[in-house]
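Since the structure comes first, as structure tokens, the remarks are kept for the end.
Everything quoted here is computed from the prediction, not taken from an experiment. In what follows, chains carry the letters A, B, and so on, assigned in the order in which the sequence lines appear, proteins first and then strands, with residues in each chain numbered from 1. Heavy atoms only: backbone and side chains are in, while hydrogens, waters and symmetry mates are out.
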Number of protein chains: 2
Amino acid sequence: MEQASPALRTKPTRQRFDDRAVSEIIGYQLRRAQIQIFQEFMARFASFDMRPSEYSVMALIASNPGSKQIAIAEALGIKRANFVALINTLEARGLVERRQPANDRRSHALFLTSIGISLMEKLDAAQAEFEADCIARLGGTAERDQLMELLSRLTDQR
Amino acid sequence: MEQASPALRTKPTRQRFDDRAVSEIIGYQLRRAQIQIFQEFMARFASFDMRPSEYSVMALIASNPGSKQIAIAEALGIKRANFVALINTLEARGLVERRQPANDRRSHALFLTSIGISLMEKLDAAQAEFEADCIARLGGTAERDQLMELLSRLTDQR
DNA sequence: TATTGTTATACTCTATAACTATA
DNA sequence: TATAGTTATAGAGTATAACAATA
């Protein structure tokens with residue numbers, strides 16, 4: 001039994017929950033949106049067994065082949081210590097290759113393998129589709145640009 | 001030695017790193033912005049020993065006193081199993097109180113203690129300051145509203 | 001049977017310190 | 001001395017399963 005007669009309920013109209021104390025906070029909505037977008041990304045990329053961080057690493061190696069580990073890691077805000085396992089995984093899957101540069105034998109130059117390159121084509125296509133969906137939800141590319149501008153204003157200074 | 005004479009460098013103009021493959025992705029910028037805003041929140045609230053999740057829990061209890069644990073947890077997207085330790089911490093600090101409702105002895109009704117209430121005043125003031133800073137960075141309340149609207153468009157459907 | 005809170009557990013992310021090999 | 005990569009480790013955050021008490 002959920003409630004008595006409409007006339008004499010103990011729980012009147014089930015007093016609504018008031019979440020404005022958090023829902024009106026920019027940072028809170030930013031986080032909720034980010035979580036949902038990442039969950040969607042993971043669902044869409046599950047068949048490729050690719051998480052956002054792995055995709056971003058592959059994408060940066062693709063456009064900056066031969067980069068040192070630390071260059072990719074720092075661009076993504078990943079500590080070099082945590083980057084090792086990430087690259088190990090991608091290398092074990094045959095997607096990424098560490099090469100020894102002759103001029104600096106401390107560092108590892110990163111490249112996509114041919115398998116990595118062909119997978120990257122599919123990943124980029126899937127990402128483009130996802131991005132198009134996001135843009136459609138926003139209302140168009142003008143709104144996308146607006147959002148990106150607002151996000152950069154939020155982060156630019158400091 | 002960083003480089004040879006300007007005329008015959010091995011590393012020409014230090015070929016710029018191209019991060020457009022990720023920086024032009026909505027989800028990526030969303031995440032970077034969220035991380036930075038949360039880091040700023042943590043810095044600003046460090047003196048109160050309050051993390052974003054703890055603040056959000058206290059804020060929802062304040063505006064919905066007597067709520068069950070599961071109501072607060074679900075509103076914030078926290079699993080009830082993980083919510084236990086969170087409330088334990090706040091209760092141990094004397095900020096939150098679990099009370100036994102007579103009508104449903106399975107549940108715990110949550111309330112702020114008087115200490116919790118007076119701390120909440122300071123927290124809300126600090127949060128209002130932080131929010132004002134964010135709004136100023138965005139360019140004003142119109143831009144804040146725009147951002148919130150765009151974020152909700154991104155998440156509304158599905 | 002279903003719900004609420006709880007415990008235990010595991011997995012991912014993230015952060016720090018210390019080591020190695022090279023520069 | 002400093003840098004690049006690595007290892008080990010510890011702390012959050014998050015996810016699932018199972019249990020006790022109660023509805």
Rounded to whole angstroms, how far apart are [atom1] on [X] and [atom2] on [N]?
| X | N | atom1 | atom2 | result |
| --- | --- | --- | --- | --- |
| B:Ile70 | C:dT6 | CD1 | P | 11 Å |
| B:Phe83 | D:dG13 | CZ | P | 13 Å |
| B:Arg98 | C:dG5 | CZ | C1' | 8 Å |
| A:Arg32 | D:dT14 | CZ | P | 10 Å |
| A:Arg106 | D:dA4 | CZ | C1' | 6 Å |
| A:Asn103 | D:dT3 | CG | C1' | 14 Å |
| B:Ile72 | C:dT4 | CD1 | C1' | 14 Å |
| A:Met42 | D:dA15 | CE | C1' | 12 Å |

Problem set entry | Distance-minimising heavy-atom pair for B:Met58 and B:Leu123 |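 Nearest pair, atom of B:Met58 first, then B:Leu123: CE-CD1, 4.2 Å.
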Exercise. Out of D:dA23, C:dA23, D:dT7, which has the shortest distance to the side chain of A:Asp104?
Worked result: C:dA23
With no hydrogens and no angle check, just 3.5 Å: does a side-chain donor-acceptor pair link [X] and [Y]?
| X | Y | result |
| --- | --- | --- |
| B:Tyr55 | B:Asp124 | yes |
| B:Arg44 | B:Gln127 | no |
| B:Arg93 | B:Asn88 | no |

For this session: With axes from five pairs an end, tell me the bend angle of the helix from C:dT1-D:dA23 to C:dA23-D:dT1, nearest 10°.
Result: 0°
Problem set entry | B/S/- contact track for nucleotides 9-18 of chain C, protein heavy atom under 4.0 Å | ---SSBBBBB
Exercise. Cationic tip of B:Arg51 within the cone over B:Phe45's six-membered ring, i.e. under 6.0 Å and within 45° of the normal?
Worked result: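 Checked: cation-pi criterion not met.
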Exercise. Out of B:Asn82, B:Thr89, B:Leu90, which residue meets the side chain to side chain contact (heavy atoms under 4.5 Å, CB included) rule with B:Leu86?
Worked result: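 Of B:Asn82, B:Thr89, B:Leu90, side chain to side chain contact (heavy atoms under 4.5 Å, CB included) with B:Leu86 is met by B:Leu90 alone.
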Problem set entry | B:Gln69 vs C:dT3: side-chain N/O to OP1/OP2 distance below 4.0 Å | no
For residues 72-79 of chain A, dump all side-chain donor-acceptor pairs below 3.5 Å to protein atoms at least two apart in sequence or in another chain.
none

Exercise. Hey, quick one: are A:Met148 and A:Leu30 part of the same hydrophobic cluster, counting side-chain heavy atoms closer than 4.5 Å, chains of contacts allowed?
Worked result: yes
For this session: Using only heavy-atom distances, decide whether a donor-acceptor pair under 3.5 angstrom links the side-chain of B:Arg105 to the base of D:dT22.
Result: no
Exercise. Less than 4.0 Å between a side-chain N and a carboxylate O, is that true for B:Arg137 and B:Glu40?
Worked result: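 Looking at B:Glu40 and B:Arg137, the cut-off is met.
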